[in-house]
Amino acid sequence: MATNRWLATGNFFTTYKEEQRIFLTNIDRLCLWLLIAALYAWPFFVETSNKGMLVLDNILIAMVAILGLNLVTGFAGLISIGHAAFVGVGAYTTALIASGLGTDHVFLTHAWPLVIIISGLVGAVFGGIVGLPALRLKHLYLAIATLSFQMIFQWVINFSKLFNQGQTMSVGRVFWLTGKIGRKDHYLFWYFAVLTIVVISGFLVRNLLRTRYGRCLVAVRDNDRAADAMGMHPGFTKVYAFALAGFFAGIAGSLHCYLYRGAGIESFTLHQSISYLAMAIVGGLGTLSGSFFGPAAIRLLDLGVENLSSWATNFLPSTMNIATALRPLTFGLVIVLFLMFEPRGIANWWRIIKSYFKLWPFKY
Amino acid sequence: MTYFIQLLISGLVVGSIYALSALGFVLIYKSSRVLNIAHGQIIASGAFIAYALTVYAGVPLIISFFLSMVITFFLSMAVERVFLRRLIGEPIISVIMVTIGLMSIIDGIIYLTPFGSTNMSFPKFFPPEPLNILGATVSWTQVVGVVLTAIIIAALSWFFKNSTLGISMRAVSDDQLASMSIGISVPKVFGLAWALAGLTAAAAGGIIGNITGLNFDTLHAFGIIVFPVVILGGLDSIGGAVVAGVIMGLIQQFAAGYLDGNWGLQGTAEVLPYIILLILLLFKPHGLFGTHEIERV
């Protein structure tokens, strides 16, 4: 091929292998690597505050969770109204290890990557179990199945002594090569840790979608009967999708547990599930870049709502809890408005911006 | 024995309210294949409208009960018109997600009003001394609630059997294309289904509000418990919803009566329906009376 690998004006694929490349041109690849490098480098040059880092950590953790939700809702086309419960499974797995071994056991503080992966696997098991009805049924019923898992999860946490009845279960501070991570560096350390996990899982999902299984997912979403006729197994494809979503959710939950140094039920309620769904929709269902835009947009919106409501309490009666009112209201509005006017989400805006720069100075 | 009868009666009362709540849900699903996740919020708003009319506007309880049904009728018709009409023909998954968004929006609106955070109870209307049936006590509110539920269900079944509108609704749920070709306006039928669902939801909300008092979380829970009920009854069967509602009410009351406190169990009534739901989805997903979907390529 004599094509220019640095600049391309269009698609001139002659083999399937070329079509499946992640990066169309080397410039795309360079941009991505530069972006990742910048994300790692900027905390060394800019003064960071704990509060700001906490927001960033939250966004990054939500990105891991949304990568999973996007697999099941975006790529497999199954609504999950219980994603916060799967995140909770991961968090409570970590918390259980902590309460079983002691909050500062060496396994928990030194082998934390292993704990995170274990939490992810437990999440995957639960995801697979809840997804089992997918062997026979379609999306409607699966939405109800995930909803009921959410309710059962909340009940189990709230009513069992093992889980401290929904009160916070604490987890100790972790160690790194430089020693124990203190209070000052806690959020900065987890920024790097979660960023690494986001980058790895982003590449994992991107490559997964290029495999036979990834194409299966999309085929099953678009027409499961046709997929069946072509020799795929729609049921198992969906169950695996649920398990994968559970895996990412479990990892996100474990990270959440480590970041907040504990797990409590209030982070894994039905409202949280809906806000995860809002993130996936706003970002753009069925797009990888949407999994990154959505959490950022919703978390920032959430922050804005919080500021607005704390400002509004100055002149509103104190009996009115404006924050609890505005949060669901904005989430609901964002979900409905995006579905009605921009069902492809922010990822679509990104695509438009990209193609504008690529084609400049030509219009289209 | 008295304990058993007491549980039986309260199970029947709760069950009949479940039946009424599930009815509206099934109406929407049957006509337009939309899973209305915001149903609990519609129930809650019906109850709050009834309360606002009685307490703030001073309308007699009975009149405000029926007035709230009328208002919710038009409100949910408006919801259908504004949010769901333009989504006809979109993939079903995005329609369901719109109802999730609606749920969040109505939640937010209710939290803005005083109803979101405080407990309220309707003014006493019926004589306070309870009825005595075989040693078990039933309050007059509960009796009237069950009777009202029965009347509404009977009226609705008459409507579907005999009136032109009801028959056209059944036709649409059977085959949209065929009913369009004989001159039935399918969007209008969808609107009517939502409106009727709002009507029954408001009735259910009013009855719940009178029996248990107004608490947003309780009313909210009624909207989610609808899912196990409709799956047990079969998603598209109105009779199934009624039967399953009563069964679910009985299961809950007996679980609360006999399981709680033993073997360290607590709050089983809250979780048992969902466990039943997950098992049903695995083994008998079409419920007791639901139609098996046959897919043809």
Side-chain angles (χ1 to χ4, degrees), chain A residues 73 77-79 81 129-130 132-133 135-145 147-152 154-156 158-161 221 223-226 228-229 270-271 274-275 277-278 281 285 319-322 324-340 343, chain B residues 29 33-35 37-38 83 86-87 90-114 116-118 220-221 224-225 227-228 230-231 235 264-268 270-278 280-283 285-286 293 295-297:
Chain A
T73 304
L78 311 159
I79 307 172
I81 323 181
I129 291 171
V130 175
L132 274 184
L135 287 175
R136 296 177 63 176
L137 298 162
K138 292 237 186 132
H139 39 244
L140 271 178
Y141 292 91
L142 287 164
I144 299 177
L147 181 72
S148 65
F149 176 67
Q150 172 82 47
M151 304 312 286
I152 294 171
Q154 274 170 245
W155 180 81
V156 169
N158 275 327
F159 282 102
S160 59
K161 286 237 164 39
R221 173 193 67 188
N223 191 334
D224 56 349
R225 279 161 288 177
D228 205 355
L270 186 60
H271 279 294
I274 291 170
S275 78
L277 211 51
I281 292 166
L285 287 172
T319 49
M320 218 165 126
N321 194 350
I322 191 113
T324 50
L326 280 185
R327 195 171 280 166
L329 194 64
T330 42
F331 282 166
L333 273 178
V334 160
I335 292 181
V336 170
L337 291 178
F338 262 90
L339 280 172
M340 287 202 311
Chain B
Y29 180 77
R33 302 283 138 178
V34 172
L35 206 65
I37 309 234
F83 293 107
R86 60 174 76 220
L87 287 170
E90 293 275 320
I92 199 78
I93 170 168
S94 52
V95 182
I96 295 172
M97 284 191 288
V98 164
T99 65
I100 295 174
L102 270 177
M103 163 181 168
S104 232
I105 290 177
I106 303 175
D107 263 355
I109 292 173
I110 289 176
Y111 279 125
L112 275 179
T113 64
S117 44
T118 44
H220 209 273
I224 301 179
I225 199 89
F227 290 103
V230 293
I231 293 288
L235 257 177
L265 286 170
Q266 275 173 319
T268 39
E270 284 171 39
V271 75
L272 207 57
Y274 302 103
I275 294 173
I276 294 173
L277 169 58
L278 270 188
L280 268 176
L281 282 180
L282 278 176
F283 297 107
H286 300 289
E293 274 173 56
E295 287 194 353
R296 294 186 183 85
V297 180

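Since the structure is predicted, the reported quantities are computational estimates derived from the model, not experimental observations. Residue numbering restarts at 1 for every chain, and letters A, B, ... go by the order of the sequence lines.
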J.: Top residue by heavy-atom pair count (under 4.5 Å) with chain A, among B/Ile106, B/Thr99, B/Val95, B/Leu235?
T.: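 Winner by heavy-atom pair count: B/Leu235.
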
J.: Kindly write out the residues that satisfy side-chain contact (heavy atoms from CB on, under 4.5 Å) with A/Val156, not counting sequence neighbours, or none if the list is empty.
T.: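 A/Val156 satisfies side-chain contact (heavy atoms from CB on, under 4.5 Å) with A/Ile152, A/Ser160, A/Phe163 once adjacent residues are dropped.
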
J.: If you count heavy-atom pairs under 4.5 Å with chain A, which of B/Pro228, B/Gly101, B/Ser94 comes out on top?
T.: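 Top count of heavy-atom pairs under 4.5 Å with chain A: B/Gly101.
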
J.: Quick one: what part of B/Ile37 sits under 4.5 Å from any heavy atom of chain A, side chain, backbone, both or neither?
T.: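 Contact with chain A involves the side chain of B/Ile37 alone.
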
J.: Which bit of B/Leu282 comes within less than 4.5 Å of chain A, counting heavy atoms only: side chain, backbone, both or neither?
T.: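 When you check distances to chain A, atoms from both the backbone and side chain of B/Leu282 fall under 4.5 Å.
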
J.: Shortest non-hydrogen contact from A/Gly332 to B/Ser104?
T.: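 Looking at all heavy atoms of both residues, the shortest contact is CA-CB, 3.5 Å.
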
J.: Side chain, backbone, both or neither: which part of B/Leu280 has a heavy atom under 4.5 Å from chain A?
T.: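 No part of B/Leu280 comes within 4.5 Å of chain A.
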
J.: Quick one: pull up CG in B/Leu35 and CG in A/Leu147 and give me the separation to the nearest 0.5 Å.
T.: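 Interatomic distance, B/Leu35 CG to A/Leu147 CG, rounded to 0.5 Å: 9.0 Å.
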
J.: Using the rule side chain to side chain contact (heavy atoms under 4.5 Å, CB included), only one of A/Ile81, A/Leu270, A/Ile335 pairs with B/Met103; which is it?
T.: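 Result: among A/Ile81, A/Leu270, A/Ile335, A/Leu270 is the only option passing the side chain to side chain contact (heavy atoms under 4.5 Å, CB included) with B/Met103.
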
J.: Measure distances from A/Leu337 to the heavy atoms of chain B and classify the residue's part below 4.5 Å as side chain, backbone, both or neither.
T.: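 Neither the backbone nor the side chain of A/Leu337 comes within 4.5 Å of chain B.
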
J.: Quick one: OH on A/Tyr141 to CD1 on B/Ile231, what's the gap to the nearest 0.5 Å?
T.: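 That separation rounds to 5.5 Å.
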
J.: Heavy atoms, side chains only, cut-off 4.5 Å: are A/Gln150 and B/Tyr274 in contact?
T.: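 A side-chain contact is absent here, since even the closest heavy-atom pair is not under 4.5 Å.
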
J.: How long is the gap from CG on A/Leu339 to CD1 on B/Ile100, to the nearest 0.5 Å?
T.: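 One gets 9.5 Å once the value is rounded to the nearest 0.5 Å.
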
J.: Going by heavy atoms in the side chains, are A/Asn158 and B/Glu270 under 4.5 Å from each other?
T.: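 They are not in contact (no side-chain heavy atoms under 4.5 Å apart), so the answer is no.
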
J.: Atom CG in A/Leu329, atom CD1 in B/Ile109: separation rounded to 0.5 Å?
T.: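 Output value for this atom pair is 6.0 Å.
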
J.: As an exercise, state the distance from CE of A/Met151 to CD1 of B/Ile225, rounded to the nearest 0.5 Å.
T.: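 Here the rounded value is 8.0 Å.
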
J.: Let's test your reading of the structure: which of A/Ile129, A/Asn223, A/Ile274 forms the most heavy-atom pairs below 4.5 Å with chain B?
T.: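 When all of A/Ile129, A/Asn223, A/Ile274 are compared, A/Ile274 has the most.
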
J.: If you count heavy-atom pairs under 4.5 Å with chain B, which of A/Thr73, A/Leu135, A/Val336 comes out on top?
T.: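 The answer is A/Val336.
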
J.: Got a second to check how far B/Leu281's CG is from A/Leu132's CG, nearest 0.5 Å?
T.: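 Here the rounded value is 11.0 Å.
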
